[in-house]
Amino acid sequence: RPYLDGFRMPSVAPVAATNALISGQVHYSMQGLTPAEVGRITAARADKVVVVGGANATAFLPWFAMNTQRDALKDDRVRKALNLALDRWGSSKAMEQLTPMFKVGGLVRPSSAFARTDAELAKLPGFGRDIEASRKEARRLLAAAGQKNLKITVVNNRAFTFFGVFVADQLRQVGVTVEHLPLDTPQVAARRTSGDYDLIFDSPPEFIDDPTIQLSYFEPFSTNRGNLARVGDPTFVEKYQSQMRELDIKARLKKVQDLEAYLIEKSYVMPLFWQVRKRVVDSQLRGLGDPPTNYLKLDLSDLWLDTAARK
């Protein structure tokens, strides 16, 4: 079958990658594109490029983990209030203009075998359609917890500054003051290790969308230092292991959704938006498709160039 004789992979900033696509210097970029970027490239290159992907969410969900070792965030009511403050549905369209991460979803990949419908998702805290009602409940919970004037520090990766700005604005609307710290990766890593944060940017394993893999993030901090909520929850462990052992498909779906609802209620993390990766590729490139995770096709074994496509 066709194959590549070799490849060259420049490491450049997103803007430079888009410009390289416009000028025809590269066949494709690993990163997803916004509608504006897709428009610029297709306008410049016409039938020399094709648009791939964008139909479904990938397995990448960024979130802010909430440090349950901090006094205020030990309280379930406070963490739930922070989640209730986010207008995910209302902000999705605006996010789509900034980033490929704009799809509203719970803790399992939207459109996957374990996902809820949008109507089912809207019944969970933080995903309701009535943002004013959600924020009213958030203020009530904060007052009941004695945190009416809560101040928190949000540690963010500088590459995702826009998410920190978004969260700070959303929390401000329920009376929470946010110190937003967009840092370079080494500084973020140091904070992860030390626990010096209230909220910190992170994401679950994304190489496969099975809940046993993705929700392993919440296994107890005592044996899982990747759990940046720094929590050990015996109820989670019981529910997690139960779904993992379940062989009946329908029974496992019910257990997975029960586990997801439990985690969203406990609000150990603040889910943001799932990635929907749309890319523009050179019309010569074949075999890329729309993989459900960023970790597929990295060996390039399925890719090849159809030189006749330019003729």
Using side-chain hydrogen bond (donor to acceptor under 3.5 Å, both in side chains) as the criterion, list what pairs up with Asp248, not counting sequence neighbours. none
Ser23: which residues meet the side-chain hydrogen bond (donor to acceptor under 3.5 Å, both in side chains) condition with it, sequence neighbours left out?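 If we apply the side-chain hydrogen bond (donor to acceptor under 3.5 Å, both in side chains) test to Ser23, skipping adjacent residues, the hits are Gln25.
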Over all heavy atoms of both residues, which pair between [X] and [Y] is shortest? Give the atoms and the distance, please.
| X | Y | answer |
| --- | --- | --- |
| Gly164 | His180 | CA-NE2, 3.3 Å |
| Leu84 | Ala138 | CB-CB, 3.9 Å |
| Pro110 | Val104 | CG-O, 4.0 Å |
| Ser267 | Asn83 | OG-ND2, 3.0 Å |
| Pro211 | Tyr240 | O-CE1, 4.1 Å |
| Asn294 | Phe60 | ND2-CB, 4.3 Å |

Intermediate values then yes/no, side-chain contact (heavy atoms from CB on, under 4.5 Å), Val26 and Leu21: CA-CA 6 Å; Val26 297; Leu21 285 165; 3.7 Å; yes
Just verifying a value: how many Å separate [X] [atom1] and [Y] [atom2], rounded to the nearest 0.5 Å?
| X | Y | atom1 | atom2 | value |
| --- | --- | --- | --- | --- |
| Gln31 | Thr99 | CD | OG1 | 9.5 Å |
| Gln69 | Asp198 | CD | CG | 12.0 Å |
| Asn156 | Asp202 | CG | CG | 11.0 Å |
| Leu61 | Ser203 | CG | OG | 8.0 Å |
| His27 | Arg8 | NE2 | CZ | 10.0 Å |
| Asp306 | Gln284 | CG | CD | 7.5 Å |

For [X], look at atom [atom1] and say whether over 12 heavy atoms of other residues, nucleotides or ligands are found less than 6.0 Å away.
| X | atom1 | answer |
| --- | --- | --- |
| Ile249 | CD1 | no |
| Gln97 | CD | yes |
| Lys255 | NZ | yes |
| Lys297 | NZ | yes |

Under 3.5 Å donor-acceptor, [X] side chain and [Y] backbone:
| X | Y | answer |
| --- | --- | --- |
| Thr68 | Arg230 | yes |
| Ser242 | Glu238 | no |
| Thr18 | Pro14 | yes |
| Glu120 | Thr117 | yes |
| Asp233 | Val237 | no |
| Asn67 | Gly195 | yes |
| Arg279 | Val51 | no |

State plainly whether one hydrophobic cluster holds both [X] and [Y], where clusters connect Ile, Leu, Val, Met, Phe, Trp and Tyr through side-chain heavy atoms under 4.5 angstrom apart.
| X | Y | answer |
| --- | --- | --- |
| Met101 | Phe201 | yes |
| Phe236 | Val269 | yes |
| Phe218 | Val256 | no |

Kindly write out the residues that satisfy salt bridge (Lys or Arg N to Asp or Glu O under 4.0 Å) with [X], not counting sequence neighbours, or none if the list is empty.
| X | value |
| --- | --- |
| Asp76 | Arg79, Lys266 |
| Lys239 | Asp258 |
| Arg135 | none |

Sequence neighbours excluded - salt bridge (charged side-chain N to carboxylate O under 4.0 Å, His left out) pairs with any residue from [range]:
| range | value |
| --- | --- |
| residues 9-18 | none |
| residues 209-225 | Arg109-Asp209, Asp210-Arg252 |
| residues 86-95 | Lys93-Glu96 |

Apply side-chain contact (heavy atoms from CB on, under 4.5 Å) to residues Tyr295 and Ile208 and explain how you reach the verdict. CA-CA 8 Å; Tyr295 284 83; Ile208 191 171; over 6 Å; no
List the atom pairs, with distances to 0.1 Å, where a side-chain N or O of residues 33-41 and a protein N or O form a donor-acceptor pair under 3.5 Å, not counting sequence neighbours.
from  : atom 1 : to    : atom 2 : distance (Å)
Thr34 : OG1    : Glu37 : N      : 3.3
Thr34 : OG1    : Glu37 : OE1    : 3.3
Glu37 : OE1    : Thr34 : N      : 2.9
Arg40 : NH2    : Asn19 : OD1    : 3.1

Report the C-alpha separation of Lys80 and Asp75 in whole Å, then their side-chain angles, then the decisive distance to 0.1 Å, and conclude whether the salt bridge (Lys or Arg N to Asp or Glu O under 4.0 Å) test is met. CA-CA 9 Å; Lys80 183 176 179 180; Asp75 194 318; over 6 Å; no
Could you check, using the six-membered ring where one of them is a Trp, whether Phe273 and Phe102 have ring centers closer than 6.0 angstrom?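 No.
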May I have the step-by-step check of side-chain contact (heavy atoms from CB on, under 4.5 Å) for Tyr28 and Met30, ending in yes or no? CA-CA 7 Å; Tyr28 75 105; Met30 298 295 290; 4.0 Å; yes
For Thr185, side-chain contact (heavy atoms from CB on, under 4.5 Å) partners two or more places apart: Asn157
Show the numbers, then the answer: is there a ring-ring contact (aromatic ring centres under 6.0 Å, His included) between Phe163 and Trp63? CA-CA 9 Å; Phe163 277 139; Trp63 59 41; over 10 Å; no
Distance-only criterion, 3.5 Å: show the donor-acceptor pairs between side-chain atoms of residues 142-155 and protein atoms not counting sequence neighbours.
from   : atom 1 : to     : atom 2 : distance (Å)
Thr153 : OG1    : Glu179 : OE1    : 3.3

Suppose clustering is done on Ile, Leu, Val, Met, Phe, Trp and Tyr with side-chain heavy atoms closer than 4.5 Å. Which residues sit in the same group as Val12?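 Traced through the cluster, Val12 reaches no other member.
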Quick one: do Asp302 and Arg286 make a salt bridge, cutoff under 4.0 Å? no
